[in-house]
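Written out below as C-alpha cells is the structure these notes cover.
Note: hydrogens, waters and symmetry copies are ignored here, and every other heavy atom, side chains too, is used.
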Amino acid sequence: MRDLIATENITVDGVVEATEGWFAPAGDGPQADQSDLEAALRAHMEAADAFLVGRVTFEQMRDYWPKQTDDSTGITEYLNTVSKYVVSRTLRDPHWEHTTVLRGALRAEVESLKSGPGRDIVATGSISLVRELISAGLVDEYRLFVYPVVLGHGRRLFADASETAKLRLVETRPFGSGIVLLRYRTVQPAPPPS
C-alpha cells in the first residue's frame, strides 16, 4: 500500500498559513543558501509519483509554478509532470496536464489512491484538506519543515485535533537556512488481544 505523506511548511509555533511573508518557495527570492533544502526536496519528489491538494492550493500552484522559467530547484518540472489529484466539487477543467479532479467521498477516493500501484502520495499546503485527512486517519507520515519564525496567530495544522495522535520521530534534519525538517510516522494502535 502506498504511503500518504502530509508535507507542510510550519512556524515554530505551529502556524501553517503562509501569511505575512514568512514563507517563500525554495529558490525564490533573496534567501540564504538553500541548496541542502533543495536537495532534500528533490529526494522527496523522486520518492513520490502522486500529488494531492485541495482546490485553492491547486489553483495557487497552477497560477505560479508553470510560469517559472529559471527554476533550478526542479519543482516546476516535477509539478508539470507528476500525477496531480485535486479534491474539489466545483473545479471542472483543471487546465494543468496530468491532473485528475476527485469529486467523490474523500476517504474512498484516498483509499483507492493508496491501494493502487505507485510510490508515495504527497499532500501539501491545503490546510483544510490535510486536517480532513488527519481526522480520517489517512496520513502515514508528516514532513514538517519548521521555519525559525514565531507568528503568534494564524491557522495551525492541529488546531482542531480531537484525540491524541501517536507519532514516532524518524528524522530530524537541520538546514543551513535555519529550517528544520521533522519527520514523524503515525503509530497505528495495536489490535486488541484475541
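Within a 6.0 Å sphere centred on CD of Glu77, heavy atoms belonging to other residues, nucleotides or ligands number 12 at most.
Leu79 contributes atom CG, which lies 6.5 Å from atom NZ of Lys84 (distance to the nearest 0.5 angstrom). For the atom pair CG (Leu182) and CD1 (Ile10), the distance works out to 9.0 Å, reported to the nearest 0.5 Å.
Side-chain atoms of Arg107 come within 3.5 Å of backbone N or O of Ala136 as a donor-acceptor pair. Between the Asp3 side chain and the Ile5 main chain, no donor and acceptor come within less than 3.5 Å of each other. Side-chain atoms of Asp93 come within 3.5 Å of backbone atoms of His95 as a donor-acceptor pair (strictly under, hydrogens ignored).
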### Trace of the side chain to side chain contact (heavy atoms under 4.5 Å, CB included) decision for His44 with Thr124
CA-CA 12 Å; His44 292 174; Thr124 193; over 6 Å; no
#### Entry: Derivation of the ring-ring contact (aromatic ring centres under 6.0 Å, His included) call for Trp65 and Tyr78
CA-CA 10 Å; Trp65 284 108; Tyr78 174 76; over 10 Å; no
### Query
Going through the checks in order, is the side-chain hydrogen bond (donor to acceptor under 3.5 Å, both in side chains) test met by Ser126 and Arg55?
CA-CA 8 Å; Ser126 305; Arg55 181 191 54 80; over 6 Å; no
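Look at Arg143 and Glu8 and you find no salt bridge, because none of the NZ, NE, NH1 or NH2 atoms lies under 4.0 Å from a carboxylate O. Between Asp140 and Lys114 there is a salt bridge, since at least one side-chain N of the basic residue sits less than 4.0 Å from a carboxylate O of the acidic one.
Using a 4.5 Å heavy-atom threshold, the side chains of Glu97 and Asn80 count as separate. Two residues are said to be in side-chain contact when any heavy atoms from C-beta on lie closer than 4.5 Å; Leu167 and Thr186 meet this criterion. Val101 places a side-chain heavy atom less than 4.5 Å from the side chain of Pro94. Between Val150 and Thr11 there is no side-chain heavy-atom pair separated by less than 4.5 Å. Residues Ile127 and Leu157 have side chains not in contact (no heavy-atom distance under 4.5 Å, counting atoms from C-beta outward).
A side chain to side chain contact (heavy atoms under 4.5 Å, CB included) with Tyr85 is found for one member of Thr100, Thr99, Val53 and no other, namely Thr100.
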